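Note that the structure is predicted; figures quoted are calculated from it, not measured.
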Amino acid sequence: MQNENTLRQAARIALFTSFGLLVIKFTAFFMTDSKAILSDAIESIINVVTAGFLVISIAISSRPADQSHPYGHGKIEAFSAGLEGGLIILAAIMIGLEAVPAFFTQQPPRNLGPGIFLIISAGLVNLLVGLYLLHSGKKLKSEALRADGHHLLTDFYTSAGIVIGLFLVHLTGIIWLDPFMACLVAVHLLIPGISLVRSATRNLMNEADQELLARIVSGLNAIRKPGWLYPHKLRALRSGQYHHVDLHISLPHYWTLDQVHEVEQEITDLLLEAIGEEGDVMLHVDPCEPDYCPSCETAPCEARDTISPPPASVEPWTVEQVTAARPGDNADSCTTTSRTRRR
């Protein structure tokens, strides 16, 4: 609950800040008639729209999993990030359409002193709020919050470039530098816009998250016990703060159903605790085979003792091993169990 309140507070701060800066930047544009400042103001419109959608997406993503959404509602954060990236690209196009004609109908900006002061003030606010959103998004694992933080930092760099350009216009009297800076802003916006769309697409398409897989495998190594043989076919997806882990593991074939059930529950609880995430684990249990004996630590075991002694030490599992399928895997022959852990 505390995390949800923090997320909502950060989203509201982003919305109120974006709206206030929108007013400041358009005030600066009407004072100066600068195309560069207009480009910054147009970007602020996108900031307000995306911040509004951020508030909505945070509220929806915090809802618990239900029958209609068994993996939670967190995917809306990826949609929010993708929308933000698309709107940033749209803003870049709009700025270009406004700036290019200004090369042919040059008009010197006016009142540059007050206009530059307003843009500097707005840029510093964007910097502080952007860093706050990035910190909060990373801490709370919110993709939408991180996306908005990156956007505000991009806005800060935009404002810094515009201030430099306007100073040059003021010092040199070269009027075309004003629309030129606006065009640079447009190009600069395209890069984070495309990056956000690509990142959101990967999330919505459930592309493998290598950092998450590495943490899961590290957690498995940390809780590993004798008899837990060959975890494999690891799959994991993230939906906001909710994580779903799908894992196959081989256990001694002679263990009773009660022993298997106890181990399954232990793996689930310890694994989610080790990786520090909210979610569920779907565990598929396979019986061991003679080929596994050289790496089995279970003692005593009559079957293994007739083949080879228990190993003196075992190598830690790797991401490549745990995500790979084992020859002869058959989901239909597995015992499937699941546990869920929520915070």
Side-chain angles (χ1 to χ4, degrees), residues 1-30 37-63 72-95 118-160 162 185 188-189 192-193 195-197 199-200 203-204 239-241:
M1 180 61 70
Q2 182 178 0
N3 285 354
E4 293 176 10
N5 291 336
T6 304
L7 280 171
R8 290 171 178 166
Q9 178 183 6
R12 287 193 293 267
I13 289 174
L15 177 59
F16 295 145
T17 300
S18 297
F19 183 78
L21 296 182
L22 171 68
V23 174
I24 291 174
K25 290 180 180 181
F26 268 102
T27 300
F29 165 67
F30 290 125
I37 292 180
L38 176 61
S39 69
D40 206 8
I42 290 175
E43 186 182 358
S44 289
I45 298 176
I46 306 302
N47 287 352
V48 173
V49 174
T50 54
F53 194 79
L54 174 65
V55 172
I56 297 173
S57 67
I58 292 297
I60 295 176
S61 67
S62 63
R63 296 176 184 173
H73 300 75
K75 284 295 181 183
I76 193 171
E77 290 200 19
F79 180 77
S80 175
L83 174 67
E84 183 154 0
L87 290 175
I88 291 174
I89 294 172
L90 177 62
I93 295 173
M94 292 173 60
I95 291 169
L118 289 176
I119 295 301
I120 291 176
S121 302
L124 291 176
V125 173
N126 268 331
L127 174 63
L128 295 175
V129 177
L131 291 174
Y132 166 71
L133 293 181
L134 279 179
H135 174 75
S136 299
K138 183 177 181 180
K139 179 180 178 181
L140 301 174
K141 299 181 177 66
S142 170
E143 184 177 0
L145 216 56
R146 290 198 300 269
D148 208 52
H150 281 297
H151 187 183
L152 290 184
L153 285 184
T154 300
D155 200 7
F156 163 73
Y157 297 133
T158 297
S159 298
I162 287 171
V185 168
H188 178 65
L189 288 177
S195 176
L196 283 175
V197 171
S199 176
N203 193 330
L204 291 170
S239 177
Q241 298 186 48

> What pairs with His73 under ring pair (Phe, Tyr, Trp, His ring centres under 6.0 Å), at least two apart in sequence or on another chain?
Replying inline: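 Scan of His73 (ring pair (Phe, Tyr, Trp, His ring centres under 6.0 Å), adjacent residues dropped) gives His69.
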Enumerate donor-acceptor pairs with a distance under 3.5 Å from any side-chain N or O in residues 10-27 to protein atoms, sequence neighbours excluded.
from  : atom 1 : to     : atom 2 : distance (Å)
Thr17 : OG1    : Ile13  : O      : 2.7
Ser18 : OG     : Ala14  : O      : 2.8
Lys25 : NZ     : Asp40  : OD1    : 3.1
Lys25 : NZ     : Ser44  : OG     : 3.3
Lys25 : NZ     : Asp155 : OD1    : 3.0
Lys25 : NZ     : Asp155 : OD2    : 2.8
Thr27 : OG1    : Val23  : O      : 2.7

For the [atom1] atom of [X] and the [atom2] atom of [Y], what is their distance to the nearest 0.5 Å?
| X | Y | atom1 | atom2 | result |
| --- | --- | --- | --- | --- |
| Leu38 | Phe29 | CG | CZ | 4.5 Å |
| Leu54 | Leu7 | CG | CG | 9.0 Å |
| Ser80 | Ile58 | OG | CD1 | 7.5 Å |
| Leu133 | Leu128 | CG | CG | 11.0 Å |
| Ile120 | Ser159 | CD1 | OG | 10.0 Å |
| Asn47 | Asn126 | CG | CG | 6.5 Å |

> Should Leu127 and Leu153 count as side-chain neighbours, where that means a heavy-atom distance under 4.5 Å?
Replying inline: yes
> Backbone N or O of Leu196 within a donor-acceptor pair of the Ser199 side chain at under 3.5 Å?
Replying inline: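 Side chain of Ser199 to backbone of Leu196, a donor-acceptor pair under 3.5 Å: no, none is there.
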Nearest heavy-atom neighbours spanning [X] and [Y]:
| X | Y | answer |
| --- | --- | --- |
| Gly86 | Val197 | N-CG2, 3.6 Å |
| Arg146 | Lys138 | CG-N, 3.8 Å |
| Leu152 | Gly130 | CB-CA, 3.8 Å |

>> Just to verify, which of Asp148, Ile45, Ile88 counts as forming a side chain to side chain contact (heavy atoms under 4.5 Å, CB included) with Thr50?
In response: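 Among Asp148, Ile45, Ile88, the one meeting side chain to side chain contact (heavy atoms under 4.5 Å, CB included) with Thr50 is Asp148.
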